[in-house]
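Positions are given from 1, in the same order as the sequence printed here. All values derive from a computational prediction rather than experimental measurement. Order of listing sets the numbers, starting from 1, for every ligand and every atom in it.
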Amino acid sequence: MREMLKAALPQADERALERFEIYARLLLQWNQRMNLTAITDPEEVARKHFLDSLGAQGHIQPGQKVIDVGTGAGFPGVPLLILHPDMELTLADSLQKRLTFLDTLLQELGLKATLVHGRAEELGQNRLYRETFDLALSRAVASLPVLLELTTPFIKVGGTAIAYKGDATEEMKAAKSAAFLLHVKLKEEPLSSKVGKRCLVLAQKTAPTPAAYPRKPGTPNKKPL
Ligand code: SAM
């Protein structure tokens with residue numbers, strides 16, 4: 001796994017490569033006790049979790065405030081933090097046991113991030129988090145119209161929500177009215193990937209999110225904008 005990552009990430013130093021190894025080992029160990037990933041082979045973890053998560057690398061600037069919404073076992077936030085330890089990262093998830101894993105993981109990696117337990121619908125209405133981030137990331141959490149409601153309240157005007165997607169053509173069409181209501185401009189950015197078609201959908205915020213959004217827990221999924 002180390003050789004594969006070294007070839008794919010020429011910018012990664014020895015400390016970063018060591019951290020990816022620790023991450024894969026802990027993930028697979030904890031996965032025997034709790035459901036963290038369907039992937040059980042370390043090389044696959046590197047390809048489908050680590051390298052895929054690093055797809056948004058080009059959007060990370062030093063010192064930026066970044067939130068990963070529905071981070072699960074830390075994707076995409078933690079691989080990005082390994083290569084950019086200077087960003088200010090918040091990892092949010094509604095399942096406490098995933099945050100317990102992340103707490104141990106960050107200690108073992110010697111990295112700092114803020115862990116937040118809660119649903120995005122509630123955190124996005126909390127003044128501590130609302131419109132305070134430069135970037136909101138999400139991977140494999142919901143369809144694009146739902147995700148826009150869950151993620152864009154976290155970003156400042158001028159900030160960007162980035163959703164990791166496969167083929168986003170249909171979701172981009174379905175998300176038009178959500179983008180209008182939430183005051184974001186959508187753009188698709190293809191990713192070069194060895195694991196099928198992958199892209200990033202960038203939602204750039206042009207005006208504050210109306211106070212009504214996000215709606216109460218469950219509503220964005222039940223009645224997408
Ligand atoms: N982002 C990770 C990845 O790419 O492997 C995890 C994906 S997992 C399929 C979805 C995660 O989103 C779960 O950990 C779940 O608890 C979290 N989640 C789903 N809906 C959420 C919500 N409304 N607020 C916060 N977390 C949520």
Side-chain angles (χ1 to χ4, degrees), residues 20 23-24 26-28 30-31 33-42 44-57 59 66-82 89-106 113-126 128-130 133 135-155 161-166 168 171 178 182 191 193 195-201 209 213-225:
F20 281 120
Y23 194 171
L26 273 183
L27 177 72
L28 296 180
W30 279 62
N31 202 37
R33 291 189 265 141
M34 65 170 71
N35 180 18
L36 291 172
T37 175
I39 298 171
T40 53
D41 172 62
E44 288 286 279
V45 168
R47 233 187 310 276
K48 294 189 175 159
H49 285 318
F50 298 163
L51 294 180
D52 189 65
S53 293
L54 294 172
Q57 256 196 95
H59 295 279
V66 179
I67 183 166
D68 180 359
V69 181
T71 185
F75 306 117
V78 177
L80 287 164
L81 184 66
I82 289 175
L89 178 66
T90 296
L91 299 166
D93 204 280
S94 53
L95 270 189
Q96 178 58 49
K97 61 182 186 171
R98 302 221 159 108
L99 296 178
T100 307
F101 165 72
L102 291 172
D103 190 33
T104 303
L105 174 69
L106 289 166
T114 303
L115 302 180
V116 180
H117 175 226
R119 291 193 62 129
E121 295 92 322
E122 288 165 338
L123 301 174
Q125 289 289 5
N126 182 330
L128 279 179
Y129 307 108
R130 188 177 176 89
F133 293 89
L135 281 182
L137 308 171
S138 59
R139 193 185 82 144
V141 175
S143 68
L144 193 57
V146 177
L147 260 192
L148 291 179
E149 185 171 355
L150 298 183
T151 58
T152 59
F154 291 109
I155 51 174
I162 302 183
Y164 288 62
K165 290 287 173 187
E171 286 188 55
L182 296 163
L191 286 176
S193 162
V195 292
K197 184 167 183 220
R198 300 288 289 151
C199 75
L200 300 178
V201 175
T209 304
Y213 306 119
R215 291 167 292 169
K216 63 181 175 39
T219 307
N221 266 301
K222 270 185 243 140
K223 294 183 182 167
L225 294 173

Inset, instruction - Output, in order, the C-alpha distance, side-chain angles, deciding distance and verdict of side chain to side chain contact (heavy atoms under 4.5 Å, CB included) for Leu182 and Leu225. - result: CA-CA 9 Å; Leu182 296 163; Leu225 294 173; 3.9 Å; yes

Legend entry - Chi angles and distances behind the side chain to side chain contact (heavy atoms under 4.5 Å, CB included) call for Leu137, His59: CA-CA 11 Å; Leu137 308 171; His59 295 279; over 6 Å; no

Inset, instruction - For residues 216-225, pull every pair meeting salt bridge (charged side-chain N to carboxylate O under 4.0 Å, His left out), keeping only residues two or more places apart or in separate chains. - result: none

Inset, instruction - Heavy-atom cut-off of under 4.0 Å around ligand 1: list whichever protein residues fall inside it, by chain and number. - result: Gly70, Thr71, Gly72, Phe75, Asp93, Ser94, Leu95, Arg98, Gly118, Arg119, Ala120, Glu121, Arg139, Ala140, Val141

Inset, instruction - Report the residues that fulfil ring-ring contact (aromatic ring centres under 6.0 Å, His included) with Tyr129, sequence neighbours left out, ordered by chain and then residue number. - result: none

Legend entry - For Arg47, salt bridge (Lys or Arg N to Asp or Glu O under 4.0 Å) partners two or more places apart: Glu43, Glu44

Inset, instruction - Hey, can you tell me if Tyr23 and Phe75 have their rings parallel, tilted or perpendicular (30° and 60° cut-offs)? - result: parallel

